[in-house]
Amino acid sequence: MASLKRDFSTFLHKYKREYALAGCFLFLVMFHFLFTDNFRVDSIIKLGTRGDELNDLELGRFGITYLNRLFGMREFSPYSMAVMTLLALLASMPLMGFVLSKAAEGRLGRELALFPLIVYLSPHWLEQLYFSYQSFVIVLGYILLLLSALVPEYKKGKRWLALEILLVVIAFSVYQAFVPLYLAISVSFVLVRWMCAEERDVMWVWHRVGRAVFVFFASIIVYFIAAYLAQRSVNPTNYLSSQVLWGNMPTHGVIISIVRAARAILIGQGRIDTLAYSASAVCCAILIAVRFIPDGRDRLGVTVLGWTLLQLTIFSMIVVLGTRSYIRSELATPYVTACNFMISLFLARECVRTRGSRRVYRLLSFLAAAAMLVCLYNTTSLCLKL
């Protein structure tokens with residue numbers, strides 16, 4: 001992994017100022033939320049003892065139990081957890097940008113420093129981090145998913161494939177809602193590589209997609225086996241299965257529920273929903289059309305397919321459950337939102353570079369950046385009120 005360390009060090013040195021500023025901004029916004037006097041008594045924190053580990057095992061989240069033991073946080077301490085969570089958030093920021101930069105073969109620039117801000121300063125992550133007891137481990141699970149996306153870029157052997165599966169399994173064992181997030185990360189990596197690479201290799205796309213599909217299903221199987229073994233000493237709860245509407249109500253009712261849930265996301269209908277995702281999706285769709293339609297159908301077709309699959313990842317859990325779950329479980333939504341904005345900025349810049357200094361393309365570039373900043377301002381304002 002020497003090459004990974006070298007590439008990441010180069011990336012971090014290149015954008016150290018941008019990530020330093022982004023880190024300071026995240027610290028200012030998150031500090032009051034993580035280090036509050038309100039320890040947010042919920043079904044986990046109100047126990048706050050070793051016996052509460054059974055709750056995580058019953059839910060199939062054995063990763064929370066064993067990772068807390070590994071990091072010496074078996075006894076819950078709100079202050080220690082807040083410090084570890086904040087450090088994990090700051091450490092994951094450049095890693096998040098590096099993954100997308102690797103996918104783009106270095107063609108994405110300073111805007112990558114805004115990527116983690118769009119993700120973390122969202123109501124989805126704020127509601128997730130509300131549960132202080134597991135906040136550090138949840139961020140750690142996200143880091144493991146990001147690392148799994150880098151493994152195929154540096155190592156090709158079977159033992160490294162096993163490592164990739166292990167990273168994904170641990171992430172799934174921390175939070176089952178990481179499943180659509182893994183899909184979003186995998187699809188975005190392929191899509192960004194396809195659009196940004198100077199020479200587009202269709203065989204690479206099929207190889208990477210095939211590997212991601214294999215890793216996904218292998219990880220699901222290994223996770224269920226491990227969860228079964230971990231739950232033998234406890235009584236599994238129906239907390240997760242009770243959220244599935246399929247089989248518990250008429251099919252037409254489930255379909256209506258799915259449509260309403262998707263509509264709520266698109267129009268920002270919920271109490272702490274925003275229009276950030278819809279704005280990013282519209283912006284990205286416009287830029288894809290402007291950039292690729294003149295180049296012919298071949299490039300456009302693959303790009304549109306990849307973009308569509310990326311958007312569908314945020315609705316995958318809704319289809320599985322038949323309804324919308326808690327907003328804290330929709331962690332793929334802020335990731336896809338950030339990806340849409342990053343792609344939009346890249347395509348707008350490409351239009352200006354390849355087609356001269358036409359005013360319309362410069363205007364599109366400005367509007368893409370303005371839309372991203374407005375959405376970031378709105379979500380940050382919402383976070384400060386929570």
Side-chain angles (χ1 to χ4, degrees), residues 22 25-26 29-30 32-34 40 42 44 61 64 85-86 88-89 92-93 96 100 114-146 171-172 174-185 187-188 240 243 261-281 284 310-321 323-342 372 374-386:
F25 186 78
L26 182 72
V29 177
M30 285 285 192
H32 84 288
F33 187 81
L34 294 175
R40 299 185 283 261
D42 53 51
I44 296 177
R61 298 171 184 169
I64 294 180
T85 301
L86 186 58
L89 288 170
S92 66
M93 292 178 70
M96 203 182 305
L100 212 60
L114 295 176
F115 187 90
L117 294 181
I118 298 173
V119 173
Y120 285 139
L121 299 182
S122 65
H124 310 77
W125 271 97
L126 264 291
E127 187 176 89
Q128 180 57 244
L129 296 177
Y130 177 92
F131 294 84
S132 305
Y133 174 81
Q134 59 187 22
S135 58
F136 166 70
V137 183
I138 292 293
V139 180
L140 182 61
Y142 185 29
I143 292 175
L144 294 179
L145 287 182
L146 294 173
F172 288 174
V174 169
Y175 199 35
Q176 294 91 338
F178 277 149
V179 172
L181 181 57
Y182 170 77
L183 296 175
I185 293 174
V187 174
S188 66
L240 298 177
Q243 299 181 41
R263 177 176 176 270
I265 293 177
L266 293 173
I267 66 175
Q269 189 178 43
R271 182 180 64 86
I272 56 176
D273 278 319
T274 69
L275 290 172
Y277 165 70
S278 295
S280 72
C284 191
L310 180 62
Q311 312 312 307
L312 291 177
T313 57
I314 72 172
F315 302 101
S316 58
M317 190 63 72
I318 293 176
V319 175
V320 171
L321 297 178
T323 186
R324 188 180 186 188
S325 187
Y326 302 103
I327 193 173
R328 63 178 177 270
S329 67
E330 299 172 353
L331 298 182
T333 302
Y335 179 86
V336 174
T337 300
C339 281
N340 284 336
F341 279 130
M342 295 298 106
M372 181 182 66
V374 168
C375 290
L376 180 59
Y377 171 79
N378 288 335
T379 54
T380 302
S381 301
L382 177 62
C383 292
L384 291 174
K385 297 175 183 178
L386 295 177

Nearest 0.5 Å, what's the [atom1]-[atom2] distance between [X] and [Y]?
X      : Y      : atom1 : atom2 : value
Phe172 : Leu181 : CZ    : CG    : 9.0 Å
Leu126 : Leu34  : CG    : CG    : 8.5 Å
Tyr120 : Leu331 : OH    : CG    : 10.0 Å
Asn378 : Thr274 : CG    : OG1   : 7.5 Å
Thr337 : Gln311 : OG1   : CD    : 8.5 Å
Leu140 : Ser135 : CG    : OG    : 11.0 Å

Inset, instruction - If the plane angle is over 60° it's perpendicular, under 30° parallel, otherwise tilted; pick one for Tyr142 and Trp125. - result: tilted

Just wondering, do [Y] and [X] contact through their side chains at under 4.5 Å, heavy atoms?
X      : Y      : value
Leu129 : Val139 : yes
Ile318 : Ile265 : yes
Asn340 : Leu310 : yes
Leu146 : Met96  : yes
Ile327 : Pro123 : yes
Phe115 : Cys339 : yes

Could you pull out the closest heavy-atom pair between [X] and [Y], with the gap in Å?
X      : Y      : value
Phe341 : Ala279 : CZ-C, 4.5 Å
Ala332 : Ala184 : CB-CB, 4.3 Å
Phe178 : Ala171 : CD1-O, 3.2 Å
Arg328 : Glu127 : N-OE1, 3.0 Å
Leu89  : Met30  : CD1-CE, 4.3 Å
Val187 : Thr313 : CG2-CG2, 4.4 Å

Inset, instruction - Please find out if less than 6.0 Å separates the ring center of Tyr335 from that of Tyr277. - result: no

Inset, instruction - Could you check Gln134 against Tyr175 for side-chain hydrogen bond (donor to acceptor under 3.5 Å, both in side chains), going step by step and ending with a plain yes or no? - result: CA-CA 10 Å; Gln134 59 187 22; Tyr175 199 35; over 6 Å; no

Inset, instruction - Return yes if some donor-acceptor pair links the side-chain N/O of Ser278 with the main-chain N/O of Leu266 below 3.5 Å, else return no. - result: yes

Legend entry - Exam field: side chain Thr379 to backbone Leu121, donor-acceptor pair closer than 3.5 Å: yes

Inset, instruction - Check step by step if side-chain contact (heavy atoms from CB on, under 4.5 Å) holds for Leu114 and Leu376. - result: CA-CA 9 Å; Leu114 295 176; Leu376 180 59; 4.3 Å; yes

Inset, instruction - Determine, stepwise, if the pair Ile314 / Val336 fulfils side-chain contact (heavy atoms from CB on, under 4.5 Å). - result: CA-CA 8 Å; Ile314 72 172; Val336 174; 3.4 Å; yes

